[in-house]
Amino acid sequence: MNIRMKVCGMREPGNILEVSQLHPEYMGFIFYTGTPRYVGPDFKVPDEFPAFIKRVGVFVNETTANIIAKAEEHRLDFVQLHGGESVRQCHELRTHGVGVIKVFSIDENMDFTVTRDYRDEVDFFLFDTKGRFYGGNAISFDWGLLERYDQSVPFFISGGITPQNAERVKMLKDFNLQAIDLNSGVEVTPALKDVAKIKAIRLILNSKE
């Protein structure tokens with residue numbers, strides 16, 4: 001089982017480069033001001049950032065024009081949409097040449113049919129725990145709920161993934177899992193990641209046992 005990894009909520013240049021040495025397939029930068037992980041107005045991806053890591057910009061209910069402007073400024077490969085963004089907006093963004101990851105917040109009442117209209121207008125879904133924040137709630141949802149999903153679009157899972165529960169990711173081996181999304185579960189403080197925890201999760205996911 002080859003499980004890809006996205007490390008999200010990155011901001012500090014030194015930490016960005018340190019985490020990049022672990023070769024996550026994706027790295028996320030949050031452009032939503034309502035979070036302690038907001039990158040800030042003067043943010044710049046370090047010049048030494050590896051080209052093989054896909055850059056993901058995270059947005060919440062932002063205009064298409066502003067998202068495209070940030071995507072061009074920071075050379076984003078994907079935009080991750082955490083709010084109530086429409087199918088039409090996803091289409092507009094992809095028309096501009098940027099990949100789209102649409103987020104859905106999950107609890108026991110989740111009706112996965114709401115994802116169907118987005119199928120042809122996104123690259124991936126991301127399923128996160130429904131909570132009081134747009135992500136970063138540090139809580140895992142019941143991954144068994146993913147049996148209700150038709151697996152039509154590859155997805156990321158997010159929500160409180162740590163070295164203590166990473167082994168459970170392997171239960172999703174028969175699902176259309178694209179990657180795990182690490183954020184609050186591997187933090188020292190908001191936006192500052194614990195490299196040892198990320199490394200430990202990579203080792204767990206790569207183990208044959």
Taking all non-hydrogen atoms of both residues into account, name the closest pair between K197 and G185 and its distance. CD-O, 4.1 Å
Do L182 and V188 share a hydrophobic cluster (ILVMFWY, side-chain heavy atoms under 4.5 Å, transitive)? no
As a quick check of understanding, evaluate side chain to side chain contact (heavy atoms under 4.5 Å, CB included) for E187 and R37, giving each step before the final call. CA-CA 11 Å; E187 283 185 330; R37 300 171 185 86; 2.8 Å; yes
Backbone of I157 reached by a side-chain donor or acceptor of D181 within 3.5 Å: no
Would you confirm whether the ring centroid of F43 sits within less than 6.0 angstrom of the ring centroid of F29? yes
No-hydrogen, no-angle side-chain donor-acceptor test under 3.5 Å, Q178 and Y26: yes
Looking at S140 and G160, what are the two nearest heavy atoms and their distance? OG-O, 3.5 Å
The reported gap from OG in S105 to CG in D128 (rounded to nearest 0.5 angstrom) is 6.0 Å
Any chance you could measure I198, atom CD1, to T162, atom OG1, to the nearest 0.5 Å? 12.5 Å
Would you say V103 and V122 are hydrophobically clustered, going by side-chain heavy atoms of ILVMFWY under 4.5 Å? no
For residues 65-81, dump all side-chain donor-acceptor pairs below 3.5 Å to protein atoms at least two apart in sequence or in another chain.
unit_1: N66; atom_1: ND2; unit_2: E62; atom_2: OE2; d: 2.9
unit_1: N66; atom_1: ND2; unit_2: T63; atom_2: OG1; d: 3.2
unit_1: D77; atom_1: OD2; unit_2: R55; atom_2: N; d: 2.8
unit_1: Q80; atom_1: OE1; unit_2: K6; atom_2: NZ; d: 2.8
unit_1: Q80; atom_1: NE2; unit_2: H82; atom_2: NE2; d: 3.0

Any side-chain heavy-atom pair from V60 and F31 closer than 4.5 angstrom? no
For side chain to side chain contact (heavy atoms under 4.5 Å, CB included), just list the numbers for V186 and I161, CA-CA rounded to whole Å, side-chain angles, deciding distance to a tenth of an Å, and then say yes or no. CA-CA 8 Å; V186 295; I161 299 174; over 6 Å; no
Is any side-chain heavy atom of F141 less than 4.5 Å from a side-chain heavy atom of D107? no
Nearest atoms (heavy-atom pairs only) where W143 meets V169: CZ3-N, 3.5 Å
Under 3.5 Å, side chain of T189 to main-chain N/O of L192, donor-acceptor pair present? no
Under a 3.5 Å distance rule, please check whether K193 uses its side chain to pair with a backbone N or O of S184 as donor and acceptor. no
Any donor-acceptor pair under 3.5 Å linking the side-chain atoms of K170 with those of S207? yes
Evaluate Q151 against F155 for side chain to side chain contact (heavy atoms under 4.5 Å, CB included), listing each step before the verdict. CA-CA 8 Å; Q151 312 300 315; F155 64 89; 3.3 Å; yes
I'd like to know if the side chain of R119 and the backbone of V153 have a donor-acceptor N/O pair within less than 3.5 Å. no
H91 NE2 to E121 CD distance, which is reported to the nearest 0.5 Å: 5.5 Å
Closest non-hydrogen contact found for S20 with M27 is N-CE, 4.0 Å
Nearest non-hydrogen partners of R116 and D150, listed with the distance: NE-OD2, 4.4 Å
Nearest 0.5 Å please: distance from the CZ atom of F127 over to the CG atom of L145. 11.0 Å
Roughly how far, to the nearest 0.5 Å, is the OH atom of Y32 from the CZ atom of F59? 13.5 Å
Answer yes if the ring centres of F156 and F124 are under 6.0 angstrom apart, and no otherwise. yes
For a 4.5 angstrom cut-off between non-hydrogen side-chain atoms, does Y149 reach E147? no
Assigning hydrophobic clusters by single linkage (Ile, Leu, Val, Met, Phe, Trp, Tyr; side-chain heavy-atom cutoff under 4.5 Å), is I53 placed with I180? yes
Connected via hydrophobic side-chain network under 4.5 Å: I3 and V56: no
Looking at every heavy atom in both P24 and V19, which two are closest together, and how far apart are they? CD-O, 3.4 Å
Can a cation-pi geometry be assigned to K102 and F104, taking NZ or CZ under 6.0 Å from the six-membered ring centre and within 45° of the ring axis? yes
Can you tell me how far the CG atom of D123 sits from the CG atom of L93, to the nearest 0.5 Å? 11.0 Å
More than 12 non-hydrogen atoms from neighbouring residues, nucleotides or ligands closer than 6.0 Å to CD on E25, yes or no? yes
Test of understanding: clusters of I, L, V, M, F, W, Y form through side-chain heavy atoms closer than 4.5 Å, transitively. Do L22 and I16 belong to the same one? yes
